[in-house]
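Notes for the one structure printed next.
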Amino acid sequence: MKKYKILSLLNSDAPLDNVLINGWVRTRRDSGGFSFIEINDGSCLKNAQIIADKNLPNYDDIKKLSTGSAVTVLGNLVESKGGGQKWEVQATKFDIISMAPDSFPLQKKRHTDEYLRTIAHLRPRTNKYGAAFRIRSEMSFAIHKFYKDKGFAYIHTPIITGSDCEGAGEMFKVTTINQDKTPKTEGKADFSSDFFGKAANLTVSGQLSAEMFALALGDVYSFGPTFRAENSNTRKHAAEFWMLEPEIAFGDIYDNMDLGEETIKYLTGYALDECGDDLELFAKYVDNNLYKNLETISSSDFVRLSYEEAVKILAGCGKKFEYEVSFGKDLQSEHEHFLAEEHFNKPVIVYNYPKSIKPFYMRVNDDGRTVAAMDILVPGVGELIGGSQREERLDVLESRMDESGLSKKDYWWYLDSRRFGTVPHSGFGLGFERLLMLVTGIKNIRDVIPFPRTPGSIEF
RNA sequence: UCCCCAGUAGCUCAGUCGGUAGAGCAAGUGGCUGUUAACCACUGGGUCCGCGGUUCGAGUCCGUGCUGGGGAGCCA
């Protein structure tokens, strides 16, 4: 006998004898002298239909099998006499590993996403969430494949950082000091006796570290967890999320845009090609336009326009916005939605933003008032990518840090990269959960991450 | 953090004018020899989110808190 995953069993092109499968009961239907038992092992969306005959020695127990129970079945893969499936397993030995009591919270019907969030430890056992997390796994692999094939090196940038600002958002503190006994010097918290001898935080971005490696290994990317202590309560934000951050040496803002566009096209195309049944579930039950959207994104060229052109379009479109549009003000989500969904109805790359609204590390353009920043806005999820060409000129970078009130002493190692063999380089961050929202059509970030962390919520 | 909406059986919801709790599904029991979220019959199941108030009487009205959702800001 051989152990099979249900995925490979259902893809068999011939009957098989003595197959062993393991899984969890999804549903049981009794019929006179035998029972139909559908089991799922997580290897694919589909269940295997098991025929359990009344002649099995433990048939009385089998007839009590409830949804969620775990079983091991030995049997023969035969062509199904019923209409719903090609193959079924005629059981010769049916072991019940454990019974799930009737308090098992998942029922054979649709539950709301809000309810399933309260049982996040069990929701991957549903069709929808099983599919979502298989797609998450596939897309992670696709990221590595895409960048490896392009010759990028994968860099593990640190999770704990000593930088108190990485150019994005509030940070979570990392400390071993008992909070009630935090030492203070002249009224301010003193971390000199803390674990690292100075204040430490969870990273909000691996970018600064990735830049150092781009200037050594050429093209690199990091892909890992990132943390923001912002009190954001929206369907697009989480306190812990995964970010892909490529960084290319000898590349300018246009190379950066090309890479971002190519990345999104590859990943959406990969989902269409490789995620089959799982993707179909979302196209059928979650977002009816899913296939069309993904095909558009993976095959048509993205619109590119400067921030200045974007402002002109928004100011001249005749639409009333809640927030006024003018040069020097950041684009609000209503503006981004208008551009990506109403005006162009495809992904839009907006570049060359005003210097005043962007962080210190973005390269100042020749006009002196804009920086080589670029955002990629996608219908449905809004900002999917944010990136820039980095300021490689030491003097300009130093004066930008002064303007921003940052300590050059703390960033001595970052500035060193501009002292020793500096080159034009660029990179961006892509929110992995937002990519998954785009690929699955799922509308809430809490439903594409296994155990979501959001303000006031850290169960599981 | 701000604005808006919601919270009733295990789940999804209804509940009229303020008059003492309902359905479907699920569960339990029985039936059925090819079912597909099987079907049929019967049975059990309630802190109406918490606290306070108005009232003869509150699921229903008022205040407040908590939880969840949507939108905004911030951002990926």
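Chain A is the first sequence line, chain B the second, and so forth, proteins listed ahead of strands; every chain is numbered from 1.
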Exercise. State whether A:Asp30 and A:Arg28 are salt-bridged, where the test is any N-O pair (Lys NZ or Arg NE/NH1/NH2 against Asp/Glu carboxylate O) under 4.0 Å.
Key: yes

Quiz item: When all nucleic acid strands are considered with a 4.0 Å heavy-atom cut-off, which category describes A:Ser80: base, sugar-phosphate, or nothing?
Solution: base

Quiz item: Is A:Glu392 reaching over with its side chain to a backbone N or O of A:Pro424, donor-acceptor style, under 3.5 angstrom?
Solution: no

Quiz prompt | Under 4.0 angstrom between A:Arg446 side-chain N/O and B:G69 OP1 or OP2 | solution = yes

Quiz prompt | Polar pair under 3.5 Å, donor/acceptor by atom type, side chain A:Asp30, base B:U35 | solution = no

Quiz item: Toward the 5' end of RNA chain B, which comes first, A:Ala238 or A:Glu38, by nearest nucleotide?
Solution: A:Glu38

Quiz item: What nucleotide among B:G34, B:A37, B:U12 has an atom nearest to a side-chain atom of A:Tyr115?
Solution: B:U12

Quiz item: More 5' along RNA chain B: A:Gln49 or A:Met243, using each one's nearest nucleotide?
Solution: A:Gln49

Quiz item: B:G19 and B:U67: how far apart are their C1' atoms, nearest whole angstrom?
Solution: 31 Å

Quiz prompt | Residues A:Lys81, A:Glu88: salt bridge by 4.0 Å N-O rule | solution = no

Quiz item: Between atom CG in A:Asp330 and atom P in B:A76, what is the gap in whole Å?
Solution: 10 Å

Quiz item: Below 4.0 angstrom from OP1 or OP2 of B:C74, is there any side-chain N or O of A:Ser232?
Solution: no

Quiz item: What nucleotide, of B:G10, B:G69, B:A72, holds the atom closest to the side chain of A:Gln107?
Solution: B:G10

Quiz prompt | Any donor-acceptor pair under 3.5 Å from A:Lys346 side chain to A:Asp301 backbone | solution = yes

Practice problem: Provide the distance between the two P atoms, one in B:A27 and one in B:C66, to the nearest whole Å. | Solution: 37 Å

Quiz item: Given atom CZ of A:Arg434 and atom P of B:C74, what is their separation to the nearest angstrom?
Solution: 13 Å

Quiz item: For B:G73, does OP1 or OP2 lie under 4.0 Å from any side-chain N or O of A:Ser333?
Solution: yes

Quiz item: If you measure from the C1' atom in B:U29 to the same atom in B:U64, how many Å do you get, rounded?
Solution: 47 Å

Self-check item: Watson-Crick or G-U counterpart of B:U36, or none if no pair lies under 3.5 Å
Solution: none

Quiz item: Whole Å only: how far is the NZ atom of A:Lys54 from the C1' atom of B:U33?
Solution: 8 Å

Quiz prompt | A:Asp41/A:Lys5 ion pair, N-O < 4.0 Å | solution = no

Quiz item: Mind checking the P distance from B:G50 to B:C11? Whole angstroms is fine.
Solution: 15 Å

Quiz prompt | Pair partner, B:C61 [Watson-Crick or wobble, under 3.5 Å] | solution = B:G53

Self-check item: Same-atom distance (P) from B:C61 to B:G46, integer angstrom
Solution: 25 Å

Quiz item: If we take the C1' atom in both B:G71 and B:C62, what is their distance in whole Å?
Solution: 27 Å

Quiz item: At under 4.0 Å, does any side-chain N or O of A:Arg235 touch on OP1 or OP2 of B:G69?
Solution: no

Practice problem: Check every atom of B:G68, B:C11, B:A37 against the side chain of A:Arg117 and return the nucleotide holding the closest atom. | Solution: B:G68

Exercise. Determine which nucleotide pairs with B:U1, using a 3.5 Å limit on both distances of a Watson-Crick or G-U wobble pair.
Key: B:A72

Exercise. Please determine if A:Lys150 and A:Asp219 form a salt bridge, counting it only when a charged side-chain N lies under 4.0 Å from a carboxylate O.
Key: no

Quiz item: Is the distance from OP1 or OP2 of B:U35 to the nearest side-chain N or O of A:Arg29 less than 4.0 Å?
Solution: no

Practice problem: Indicate whether OP1 or OP2 belonging to B:U36 is found under 4.0 Å from a side-chain N or O atom of A:Lys108. | Solution: no

Quiz item: A:Ile385 near the nucleic acid: base, sugar-phosphate alone, or nothing, with a heavy-atom cut-off under 4.0 Å?
Solution: sugar-phosphate

Practice problem: Give a yes or no on whether a salt bridge exists between A:Asp113 and A:Arg123, defined as a side-chain N under 4.0 angstrom from a carboxylate O. | Solution: no

Practice problem: For A:Leu384, report the nucleic acid contact type (base, sugar-phosphate, nothing); a contact means any heavy atom under 4.0 Å. | Solution: sugar-phosphate

Quiz item: Starting at CG of A:Asp113 and ending at P of B:U67, how long is that distance when rounded to a whole Å?
Solution: 21 Å

Exercise. Output the single nucleotide from B:U12, B:A37, B:G34 whose closest atom is nearest the side chain of A:Thr112.
Key: B:U12

Practice problem: Pick base, sugar-phosphate or nothing for A:Gln85, based on heavy-atom distances below 4.0 Å to the nucleic acid. | Solution: base

Quiz item: Can a salt bridge be assigned to the pair A:Arg390 and A:Glu247 using a cut-off of 4.0 Å between side-chain N and carboxylate O?
Solution: yes

Exercise. Starting at atom NZ of A:Lys46, determine the distance to atom C1' of B:U36, rounded to an integer number of angstrom.
Key: 14 Å

Quiz item: According to the Watson-Crick and G-U wobble definitions, with both distances under 3.5 Å, which nucleotide is paired to B:A26?
Solution: none

Exercise. Describe the nucleic acid contact of A:Arg28 in one word from base, sugar-phosphate, nothing, applying a heavy-atom distance below 4.0 Å.
Key: nothing

Self-check item: Distance-only donor-acceptor test (3.5 Å): side chain A:His237, base B:C75
Solution: yes

Quiz item: Looking across every strand, which nucleic acid part, if any, lies under 4.0 Å from A:Gly429 by heavy atom: base, sugar-phosphate, or nothing?
Solution: sugar-phosphate

Quiz item: Under 4.0 angstrom, heavy atoms only, what part of the nucleic acid is A:Phe36 near: base, sugar-phosphate, or nothing?
Solution: base

Quiz prompt | Base partner of B:U67, which must satisfy Watson-Crick or wobble distances under 3.5 Å | solution = B:A6

Quiz item: Is A:Phe432 touching bases, backbone alone, or none of the nucleic acid, heavy atoms closer than 4.0 Å?
Solution: nothing

Quiz item: Less than 3.5 Å between a donor and an acceptor, one on the side chain of A:Glu114 and one on the base of B:G7, is that the case here?
Solution: no

Self-check item: For atom NZ of A:Lys284 and atom P of B:A37, their distance in whole Å
Solution: 10 Å

Quiz prompt | B:U12 versus B:C17 - spacing of their C1' atoms, nearest Å | solution = 28 Å

Exercise. Indicate yes or no: does A:Glu261 engage A:Lys265 in a salt bridge with an N to O separation below 4.0 Å.
Key: yes

Quiz item: What is the distance from CG of A:Asn47 to P of B:A38, rounded to the nearest Å?
Solution: 10 Å

Self-check item: Side-chain donor/acceptor of A:Arg110 to base of B:A37, under 3.5 Å
Solution: no

Quiz item: Under 4.0 Å: is that the gap between some side-chain N or O of A:Thr234 and OP1 or OP2 of B:G71?
Solution: no

Self-check item: Atom-to-atom span, CZ of A:Phe227 to C1' of B:A76 - whole angstrom
Solution: 14 Å

Exercise. With heavy atoms under 4.0 Å as the rule, sort A:Glu88 into base, sugar-phosphate or nothing.
Key: base

Exercise. Answer with base, sugar-phosphate or nothing: what part of the nucleic acid does A:Asn444 contact at a heavy-atom distance below 4.0 Å?
Key: sugar-phosphate

Self-check item: Pairwise C1' distance, B:C40 and B:G70 [rounded to whole Å]
Solution: 43 Å

Practice problem: Check each of A:Tyr154, A:Tyr221, A:Phe141 against A:Tyr147 using the ring pair (Phe, Tyr, Trp, His ring centres under 6.0 Å) test, and report the only one that passes. | Solution: A:Tyr221

